[in-house]
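From a predicted model like this one, the values you see are computed outputs, not experimental measurements.
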Amino acid sequence: PTDPPSPQEHGLDFERLLDASAYKERFRQDMIRWGEEKRRADPGFFCRAAVQGALQPVWVVSDTRRLSDVEWFRATYGDVVQTVRVVATEETRKRRNWVFVTGVDDAESECGLDQGVAFDWVITNDGDEAALGEQLEVLVQSLHRGL
């Protein structure tokens, strides 16, 4: 078997891995496997990488996917951590070209935070820009008050 790809270690096109292209899908399961290996060896590996060098008073760490990530941030930074979950209906996700793939979309990397986390904020993003803007404004105002 070959080593699972990571962009830096395997010369992959990082920009193409960020979209929903066939290119990304070709490497998706290998990327998940590589990430799981890194997490098993060091559960804080990706969390530390996300905050390395960050000096701003507010950080947005997007796309955390596992309870261990949330637990790491809470253990490291305590009560200042605010968790935000962005949700969309399955219908909306399908309109955005999402297609459920067994073994990928039901894996921990995709649904590890579906249970076990009491989110501080839940933002609905079903395509209504005004509603999304109102929700984000309330969140931003709250963050400003906390500074």
Do you know which two heavy atoms are closest between [X] and [Y], and how far apart they sit?
X      : Y      : result
Asp106 : Gly103 : OD1-N, 2.7 Å
Thr83  : Ala118 : OG1-O, 3.8 Å
Gly116 : Leu67  : O-CD1, 3.7 Å
Gly127 : Arg96  : N-NH2, 3.5 Å
Phe46  : Gly35  : CE1-O, 3.7 Å
Asp120 : Gln82  : OD2-CA, 3.3 Å

Compare all side-chain heavy atoms of [X] with those of [Y] and state whether any distance is below 4.5 angstrom.
X      : Y      : result
Asp42  : Arg48  : yes
Thr92  : Trp98  : no
Gln135 : Asn125 : no

Do [X] and [Y] sit in one hydrophobic cluster, given that two such residues count as connected whenever their side-chain heavy atoms are within less than 4.5 Å of each other, even indirectly?
X      : Y      : value
Trp121 : Leu143 : yes
Leu147 : Leu139 : yes
Val84  : Val61  : no
Val122 : Leu132 : no
Phe119 : Leu136 : no

Cationic N near anionic O, under 4.0 Å, [X] to [Y]:
X      : Y      : answer
Glu108 : Arg65  : no
Arg95  : Asp126 : no
Arg33  : Glu37  : no

query: Could you give all pairs that pass the ring pair (Phe, Tyr, Trp, His ring centres under 6.0 Å) test and reach residues 52-87, with sequence neighbours left out?
result: Trp59-Tyr77
Is the side chain of [X] donor-acceptor paired with the backbone N or O of [Y] at a distance under 3.5 Å, no angle test?
X      : Y      : result
Arg74  : Val70  : no
Thr124 : Val87  : no
Arg85  : Leu113 : yes

statement: Value for SG (Cys47) from CZ (Arg39), rounded to nearest 0.5 Å, stands at 7.5 Å
- request: Would you give the length of the straight line joining atom OG of Ser142 to atom CD of Glu137, rounded to the nearest 0.5 angstrom?
  value: 11.5 Å
Over 12 foreign heavy atoms within 6.0 Å of CG, Asp79: no
Heavy-atom neighbours of Gln141 CD exceed 12 at 6.0 Å: yes
